[in-house]
Number of protein chains: 2
Amino acid sequence: MTTPQLTKNQSLVFDVLEKAEGPLSAYTILDKLRDHGFRAPLQVYRALEKLLEYGVVHRLESINSFVACAHPGENCHSHGIVAFAICESCGQVMEFHDHEVDHRLMAWVRGQKFKPEKTTIEIRGLCEACAA
Amino acid sequence: MTTPQLTKNQSLVFDVLEKAEGPLSAYTILDKLRDHGFRAPLQVYRALEKLLEYGVVHRLESINSFVACAHPGENCHSHGIVAFAICESCGQVMEFHDHEVDHRLMAWVRGQKFKPEKTTIEIRGLCEACAA
DNA sequence: CAATTGATGTAATAACATAACATTTGCAAT
DNA sequence: ATTGCAAATGTTATGTTATTACATCAATTG
Ligand SMILES: [Zn+2]
Ligand SMILES: [Zn+2]
Ligand SMILES: [Zn+2]
Ligand SMILES: [Zn+2]
């Protein structure tokens, strides 16, 4: 899928995420956009819904937050499952793909006749700087 | 770690999860235990905290719910990373372990000097029955 | 223009989770 | 048995995340 032209609200939300050091909650995004006219959570959630659909933003389920894709222009969706390492101290997020992991997981679910739609892999821990 | 004798509240919460067909939210558990004297969310969350610590219950991050471990008596924690396939239609959960997946993920984070603490792998989709 | 579609605005509410503080219970040391 | 401590519990209030419902606006199209 190619990313269509973003609307005003979608651009605002995306810009906030791109400029952020790490993942942000929807309400944190809302606060950062109050000066631009945002008043309600739904304005953020609706924009995020589209950005997730376009694959330019990822949702981190384990911390209820959102992050801009680390592979701009590449169309992340096409790389298979995306995995994240999330530093619980500084919030830094590393994003990566591993086809062997994809393969093993998909082989297992196929054996169960399970039809996968969306897979989450999130590793929480400490980044190099924070672990020191 | 061996599982200590459960307290009254821990037992009640665990029994509800064991008898359930699928994962339950903390508030659903609360409702099921009102007849047994539960009045507040914290009574559920505190019991869950211990049950998670003992490894007899798992938290499904992507659906804010909890499920009894599918491997009773085995001490799930010792099997490495636990992965789940969650049917979005009927709620059924399958739990499995794959050492190769563990190995690949841990190798990657080690290469980044990232120190992993807790890993989530959750595959949402449709089970065999629901996909038909 | 009328109809349709997608985006937006706003208020209210639902769902999930924790903070703060008081009380009770079980158990060990004196 | 009493004292002291740690773990568990009870209770109220609050904080955080997400959705429902409904109204309006803008662009497209027949
Ligand atoms: Zn990405
Ligand atoms: Zn860090
Ligand atoms: Zn388990
Ligand atoms: Zn199903």
Side-chain angles (χ1 to χ4, degrees), chain A residues 1-17 20 22-54 56-67 86 88 91 118 120 122 124, chain B residues 1-17 20 22-54 56-67 86 88 91 118 120 122 124:
Chain A
M1 188 210 322
T2 180
T3 304
Q5 185 63 33
L6 298 183
T7 66
K8 180 160 165 289
N9 285 2
Q10 288 161 20
S11 293
L12 287 166
V13 169
F14 183 66
D15 287 350
V16 166
L17 282 174
L24 301 178
S25 76
Y27 279 77
T28 301
I29 296 170
L30 174 57
D31 286 339
K32 287 181 183 295
L33 288 175
R34 296 227 184 250
D35 293 344
H36 292 78
F38 274 45
R39 312 294 313 261
L42 210 52
Q43 294 174 288
V44 177
Y45 282 110
R46 285 202 277 229
L48 286 171
E49 185 179 28
K50 290 297 184 184
L51 296 171
L52 290 168
E53 184 184 323
Y54 303 152
V56 297
V57 162
H58 299 292
R59 174 186 189 122
L60 303 176
E61 309 274 5
S62 65
I63 57 172
N64 297 317
S65 294
F66 303 85
V67 69
I86 307 165
E88 298 193 284
K118 177 84 178 72
T120 296
E122 296 176 16
R124 275 100 66 219
Chain B
M1 185 213 319
T2 179
T3 304
Q5 185 63 35
L6 299 184
T7 67
K8 181 161 164 288
N9 285 3
Q10 289 161 20
S11 292
L12 287 166
V13 169
F14 183 66
D15 286 351
V16 166
L17 282 174
L24 301 177
S25 76
Y27 277 75
T28 301
I29 296 169
L30 174 57
D31 286 340
K32 288 181 183 295
L33 288 176
R34 296 226 185 252
D35 292 345
H36 291 77
F38 274 45
R39 312 294 315 254
L42 214 54
Q43 293 174 288
V44 177
Y45 283 108
R46 285 202 277 229
L48 286 172
E49 184 178 30
K50 289 299 183 182
L51 295 171
L52 291 167
E53 183 183 323
Y54 303 152
V56 297
V57 162
H58 299 292
R59 175 184 188 122
L60 302 177
E61 309 275 5
S62 65
I63 57 172
N64 296 319
S65 294
F66 304 84
V67 68
I86 306 166
E88 297 192 286
K118 177 83 178 73
T120 295
E122 297 177 15
R124 273 100 66 220

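No experiment lies behind these values; they were computed from the predicted model shown. To find a chain, count down the sequence lines: A is the first, B the second, and so on, and within it residues start at 1.
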Between [X] ([atom1]) and [N] ([atom2]), how many Å, whole number?
X	N	atom1	atom2	answer
Phe38(A)	dT8(C)	CZ	P	8 Å
Tyr45(B)	dG10(D)	OH	P	17 Å
Ile29(B)	dA15(C)	CD1	C1'	14 Å
Leu30(A)	dT8(C)	CG	C1'	14 Å
Glu61(B)	dC16(C)	CD	P	14 Å
Lys50(B)	dT9(D)	NZ	C1'	13 Å
Glu49(B)	dA19(C)	CD	C1'	13 Å
Leu48(A)	dA18(D)	CG	P	9 Å

Choose from [options] the nucleotide whose nearest atom is closest to any side-chain atom of [X].
X	options	answer
Leu42(A)	dA19(C), dT20(D), dA18(D)	dT20(D)
Ser25(B)	dT18(C), dA17(C), dC16(C)	dC16(C)
Pro41(B)	dA18(D), dA11(C), dT18(C)	dT18(C)

Practice prompt. Using side chain to side chain contact (heavy atoms under 4.5 Å, CB included) as the criterion, point out the one residue from Asp31(B), Leu30(B), Ile29(B) that pairs with Leu33(B).
Written response: Ile29(B)
Discussion item. With a 4.5 Å cut-off on side-chain heavy atoms, are Thr120(B) and Arg124(A) touching?
Written reply: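 Sidechains of Thr120(B) and Arg124(A): in contact.
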Worksheet entry | Salt-bridge present (Lys118(B), Glu61(B); N to O < 4.0 Å) |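 Not counted as a salt bridge, because no side-chain N and carboxylate O are separated by less than 4.0 Å.
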Measuring from atom [atom1] of [X] to atom [atom2] of [Y], what distance do you get when rounded to the nearest 0.5 angstrom?
X	Y	atom1	atom2	result
Leu12(A)	Leu17(A)	CG	CG	11.5 Å
Glu122(B)	Leu60(B)	CD	CG	5.0 Å
Leu51(A)	Leu6(A)	CG	CG	6.0 Å

Discussion item. I'd like to know if Arg46(A) reaches the base of dG6(C) with its side chain, counting only an N/O donor and acceptor under 3.5 Å.
Written reply: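 Between dG6(C) and Arg46(A), which were checked side chain against base, a qualifying N/O pair under 3.5 Å is absent.
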Worksheet item: Less than 3.5 Å between a donor and an acceptor, one on the side chain of Tyr27(B) and one on the base of dA14(C), is that the case here?
Response: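 No, the side chain and the base share no sub-3.5 Å donor-acceptor pair.
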Discussion item. Among residues 6-13 of chain A, which ones have heavy-atom contacts with DNA chain D below 4.0 Å?
Written reply: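 None - not one residue of the stretch has a heavy atom sitting under 4.0 Å from the strand.
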Discussion item. Whether Asn64(B) contacts dA17(C) is assessed here as follows: a side-chain N or O lying under 4.0 Å from the phosphate OP1 or OP2. Is that the case?
Written reply: yes
Item to complete: Compare side-chain N and O positions of Gln43(A) against OP1 and OP2 of dT8(C) and report whether any pair is under 4.0 Å apart.
Response: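 For Gln43(A), the contact criterion (side-chain N or O under 4.0 Å from OP1 or OP2 of dT8(C)) is not met.
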Can I get a per-line list of side-chain donor-acceptor pairs under 3.5 Å for residues 38-50 of chain A, giving both atom names and the distance, sequence neighbours left out?
residue	atom	partner	partner atom	Å
Gln43(A)	OE1	Arg39(A)	N	2.6
Gln43(A)	OE1	Ala40(A)	N	2.9

